[in-house]
Amino acid sequence: MPRLSIIVPHISSDASLETTILSVLENRPKGIELIVVHSGNYEDPYDLDEDELRLVRAHSSNDVVGLINNAIRYSSGNVVQTLLPGMRVDSNWTSSALAWFHDATIAAVSPSSLCGKNAANELHGLDVRCLPRRIWSTKARRGEEICATLAGGFYRRTVLDALQGWLEPSSREGAEAEMAMAIHALGFRTVAEPASQLIDESSVTEGEVGGYAQGHMAGQIAMAYSQVTGVNLVKDSLAARLGHLAGGLMKPSSVAERLGWVFGMTDRNMVAAIRTRLELAKKNMIRMREDAPQSATRRAA
């Protein structure tokens, strides 16, 4: 079974962070590495040793995406899972998800999350057909194509290394959607694993940024990936989008997001950065494959 590193970023609440830490410690199988990353605003009150918990201070970042990217370099697992503070794990939540990584085409696995008050709602990951908009799937079969998020997703370490982590600077929601797009652009798959269950009564899974900001970020990502060969992206026409807005055919809650999308799709600021990111990732993947036989020989010796 691949070795797993679990990364939990400290965001704001010590209590939420410790809920997740204690849940992992109570349920984790042997051999799993737990890393808590913070920006100098957390001290371990339990005096745990490094076999139980490793504290990493990220001096250069305070946002969730930057914290997690900082922590990856300190991890040793073949697979990385990211958990957000407040989330709890179920017993035996890792084995069914990790089994997927024996398939070399799998880059990410999305567990199911029981969300909201009394864990009444079940979410399975982002609907790949709607990317880069963040539309959650409420039903998913095992192995169905679903995009993982920072709220519990399992990721192949070599793919994260090739991409040099999640896109910065970006909101958490933008980084999640862009990572899903990048994984598919590199030719990998992402799948659902409902047997791996998480509990999120605080609803951090669903995200914080919404409205215009989320729509604008999604539009920027869509513009950038529309320039990438081999990426299938469904884009409704600008005229149709403006017509829906003017005609009042959309729910009021989605108007701001759609308006952000409209303007984001005209913004080319991310095009060069994402093109460079993917080109570098492809070169890194080639280098990793070339280095793999040498590494195996050294281990055997």
Side-chain angles (χ1 to χ4, degrees), residues 1-7 9 31-35 37 54 56 58 60-61 65-83 94-95 97-110 125 128 131 143 145-150 152-168 170 175-191 193 221 224-225 227-232 270 272-301:
M1 191 68 71
R3 176 171 168 78
L4 176 65
S5 294
I6 298 172
I7 295 175
I32 288 178
E33 174 183 56
L34 175 59
I35 298 173
V37 57
R54 184 172 186 183
V56 170
S60 60
S61 181
V65 177
L67 288 173
I68 291 174
N69 281 344
N70 268 276
I72 290 173
R73 71 188 69 174
Y74 295 98
S75 65
S76 61
N78 309 99
V79 176
V80 172
Q81 183 184 27
T82 56
L83 289 173
T94 63
S95 58
L98 292 178
W100 281 102
F101 290 95
H102 293 297
D103 181 341
T105 68
I106 300 296
V109 175
S110 182
V128 68
L131 288 174
E145 191 174 12
I146 291 288
C147 297
T149 72
L150 291 173
F154 295 80
Y155 294 88
R156 186 179 295 277
R157 172 64 180 272
T158 52
V159 175
L160 294 181
D161 285 346
L163 286 163
Q164 298 182 338
W166 281 263
L167 182 67
E168 294 185 72
S170 178
E176 290 172 340
E178 192 280 334
M179 174 60 77
M181 299 284 289
I183 285 172
H184 286 89
L186 293 176
F188 290 92
R189 295 191 296 139
T190 59
V191 295
E193 181 45 84
I221 295 170
Y225 274 90
Q227 309 298 308
V228 177
T229 303
V231 174
N232 296 320
M270 296 179 71
I274 286 179
R275 182 183 293 119
T276 301
R277 170 174 164 82
L278 293 176
E279 289 173 354
L280 179 60
K282 290 174 182 178
K283 291 178 182 178
N284 287 338
M285 294 297 297
I286 293 171
R287 177 181 55 78
M288 289 175 187
R289 285 194 289 269
E290 291 174 345
D291 290 346
Q294 300 177 26
S295 299
T297 301
R298 286 195 295 268
R299 286 196 298 271

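The residues of the chain are indexed from 1 along the displayed sequence.
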So [Y] and [X], do their side chains get closer than 4.5 Å, heavy atoms only?
| X | Y | answer |
| --- | --- | --- |
| Phe188 | Met285 | yes |
| Val228 | Met181 | no |
| Ile146 | Glu193 | no |
| Leu278 | Tyr225 | yes |
| Arg157 | Ser75 | yes |
| Trp166 | Ile68 | yes |
| Leu98 | Val109 | no |
| Phe154 | Trp100 | no |

Could you tell me whether the side chain of [X] and the main chain of [Y] form a donor-acceptor pair under 3.5 Å?
| X | Y | result |
| --- | --- | --- |
| Arg275 | Gln227 | no |
| Arg189 | Glu145 | no |
| Arg3 | Gly31 | yes |
| Gln81 | Ile6 | no |

Shortest non-hydrogen contact from [X] toward [Y]:
| X | Y | result |
| --- | --- | --- |
| Lys282 | Leu186 | CG-CD2, 3.6 Å |
| Asp103 | Arg156 | O-NH2, 2.7 Å |
| Met270 | Leu167 | CE-CD2, 3.2 Å |
| Arg54 | Tyr74 | NH1-O, 3.2 Å |
| Leu160 | Met179 | CD2-CE, 3.7 Å |
| Asn284 | Ala162 | ND2-O, 3.0 Å |

* To do: Test side chain to side chain contact (heavy atoms under 4.5 Å, CB included) on Ile35 and Ile72 and set out the steps.
  => CA-CA 9 Å; Ile35 298 173; Ile72 290 173; over 6 Å; no
* side-chain contact (heavy atoms from CB on, under 4.5 Å) partner of Tyr155, the single match among Thr82, Val79, Ile7 ->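 Running side-chain contact (heavy atoms from CB on, under 4.5 Å) over Thr82, Val79, Ile7 with Tyr155 returns exactly one hit, Thr82.
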* To do: Quick one: pull up OG1 in Thr158 and CG in Leu163 and give me the separation to the nearest 0.5 Å.
  =>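 One gets 10.0 Å once the value is rounded to the nearest 0.5 Å.
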* Say you draw a straight line from CZ of Arg277 to CD of Glu168; how long is it, rounded to the nearest 0.5 Å? ->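 Between atom CZ of Arg277 and atom CD of Glu168 there are 9.5 Å.
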* Asked: With sequence neighbours excluded, what pairs up with Ser5 under the side-chain hydrogen bond (donor to acceptor under 3.5 Å, both in side chains) test?
  ->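 Glu33.
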